[in-house]
Amino acid sequence: MGRANDDAAAALEEYADLFAMSGGDAFRVRSYQKAAKAIAGYPGDISRVNVREVPGVGEAIAKKVEEFLQRGSFHQLDDLRIQVPEGVRRLTRVATLGPKKAVFLYRELGIDSPEALAEAIREGRLAGLKGFGAKTEENLLKGIEQLQQAGERVHLGVAMDVAEQIIASLPAEKIAYAGSLRRMKDTIGDIDILAVGPETLMEEFKRQPYVAEVIASGNLKTSIRTTRGLQVDLRLVPAESWGAAMQYFTGSKEHNVLLREMCVKRGWKLSEYGLFEGETVIASKTEEEIYAALGMQWVPPEMREDGGEVRAALRGELPEPVTLGDLKGDLHTHTNLTDGIATLEEMVEAAAGRGYAYYAVTDHAPNLFMQRMTHEKMLEQRARLHRLQDEYPHMRLLHGTELNIAPDGTVDWPAEILQGFDICVASVHSHFTQSRDEMTRRFITACENPDVHVIGHPTTRKIGKRPPVDADWEAVFAAAARTNTALEIDAYPDRADLPPDLARLARHHGVKFSIDSDSHAVPHLDNMRFGVGIARRAWLTTDDVINTWPLDRLLTFLGRT
DNA sequence: GCCGTTTTCGGCCCGACTGTTTTCAGTCG
């Protein structure tokens, strides 16, 4: 996946927003959005191929993209950025506030940021404004609060992308990311990178095109802000302290405090330079040496959160968390029959390339009206999938669907149709604001449906955009365990759903899990690693995760033998 | 602005919900 694709897609999305806000034709807005989505999901690197090959990109958009690749922007975008201030676009990130109202507020009252809007509401300046009643004001304030709580953190996918780009750009002897990124936290505040190399590496770092601002710079540490607004710290460490530095800067702080307390009791000292007894180095080169010297198992970074891992490691009782290599298939993916952008054949081919033993296609069902799914289209897809099976003797193709859980907990099709699927995922896509009791009942009803195998992205949160729904999760987990309904760990990094803490709680209830990519394009299949990160943070083993199981065991779980 | 023809124009994912309105615009998925 080329980063050029993501950058160009982001520019087109921004252009679509600004174009909509400046009163542009809605169909053209959609063209820009569609092209952005297609470019982001395009498997090839658009800086190396003719971007006109991407479906949804015609002559006009191709010219914009080419100019963007040349100089990092295009002139139509420059023009609109002058007309619509950056803060006004940020207004549309407030829930329930779209382009029309944002521009209206800007024109009428000069409101040019979420902060300015909050102030205007508090000062009563919106009173009497057409279309802005008391309820609207209340909703806007709530939306602004949520936005501020999300803060400046980005989701793991964005941070990983930046970190990998930086690592690839620097000629170090040794270089790796540490910090919350290595622990695979779902949101990341800043990126820590450690390197072994010459001091000239710092100069090289500061010259890179992704650097927007140098915050601080010395011989051993440089802090920058990237063009995407993320802070990155690069530290030079001595080769002989590599393990100690990785251990120290990976954290978490709480995990490290526990280790250092243990050291103090033994008269030792643990720092980023090593484990010492007086002046004598006991261990420093590798993390494994350090943990071994402390008389404990090496702790996987994802588990270093002071969640009982230190005690377990001292006793030699750390579970072996699931790895990417353990996954034998993906059980939630889409094609362009609904809202994916790749064909069935392209998705299946890419899945086979990953060496999967099975792969489920789960397009949306009729109750999400915008997807225009019908019984006939579904049956046609099933026939196509069955024909395709002959070409993949080593990968079992499963025909599934992603059902919509209605407010009362029911799903799209009647039982006799559902039983024709190999697997049914069911997810909430609307009515997010139901009361806790209603939402809990809704999930439990879905779990109790014998034809529902997996609850998709259970909390329905979108990091930075939408909070999780409110439910009595313990009651939902108990129902899932009782009914043998798996809960999904949606690996798509802006979802990361279930979140790690809830997944760990669910495990205590005996719930099984399905780690799925929820792919809507070929490159999304790679997001699986983020789902594995969540699972490892939740201490899940292969026994907990149904898509690490051999096909026979999976089919038994699905009741499809 | 894109696309696929009924091949250079006319359609483009469409329905529900919310808060405001008194018949609907805006937002969302």
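Order of the sequence lines fixes the chain letters, A, B, ..., with proteins taken first and strands second; residue numbering starts at 1 for each chain.
Between dC12(B) and dT5(B), the distance separating the two C1' atoms is 14 Å to the nearest Å. Comparing dG26(B) with dT21(B), their C1' atoms are spaced 13 Å from each other, to the whole Å.
With rounding to whole Å, H520(A) atom NE2 is found 14 Å from dC13(B) atom C1'. If you measure from atom NE2 of H364(A) to atom P of dC14(B), you get 16 Å, rounded to the nearest angstrom. With rounding to whole Å, K63(A) atom NZ is found 13 Å from dG1(B) atom C1'. dC13(B) atom P lies 8 Å from atom CZ of R372(A), rounded to whole Å.
Within a 6.0 Å sphere centred on NZ of K100(A), other residues, nucleotides and ligands contribute 12 heavy atoms or fewer. R48(A) CZ: 12 or fewer foreign heavy atoms inside a 6.0 Å radius. Summarising the local packing, NZ of K34(A) is surrounded by 12 or fewer heavy atoms from other residues, nucleotides or ligands at distances under 6.0 Å.
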Please produce a list of atom pairs where a protein N or O lies less than 3.5 Å from an N or O of nucleotides 3-10 of chain B.
residue: dC3(B); atom: OP1; partner: G56(A); partner atom: N; Å: 2.8

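Across the strands present, dT8(B) finds no partner; the criterion is a Watson-Crick or G-U wobble pair with both atom distances under 3.5 angstrom.
Remark: the D437(A) side chain and the S435(A) side chain contain no N/O donor-acceptor pair separated by less than 3.5 Å. Side chains of D494(A) and H155(A): no donor on one and acceptor on the other come within 3.5 Å. Defined by atom type and a distance below 3.5 Å, a donor-acceptor pair is missing between the side-chain atoms of D472(A) and T440(A).
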**Q.** Working for side-chain contact (heavy atoms from CB on, under 4.5 Å), residues I463(A) and Y492(A)
**A.** CA-CA 11 Å; I463(A) 294 172; Y492(A) 212 95; over 6 Å; no
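Base engagement by R28(A) is indicated by at least one non-hydrogen atom pair under 4.0 Å involving a base atom. Using a 4.0 Å heavy-atom criterion, one finds that K64(A) contacts the sugar-phosphate atoms exclusively.
Taking the six-membered ring for Trp and the full ring otherwise, the centers of F74(A) and Y15(A) sit less than 6.0 Å from each other.
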Please tabulate, for the side chains in residues 123-136 of chain A, all donor-acceptor contacts under 3.5 angstrom to protein atoms that are two or more places apart in sequence or on a different chain.
residue: R125(A); atom: NH2; partner: L109(A); partner atom: O; Å: 3.3

(Q) I need a per-nucleotide contact map over nucleotides 17-29 of chain B, read 5' to 3'. Cutoff is protein heavy atoms under 4.0 Å; write B for the base, S for backbone only, - otherwise. (A) S-SS-----SSSB
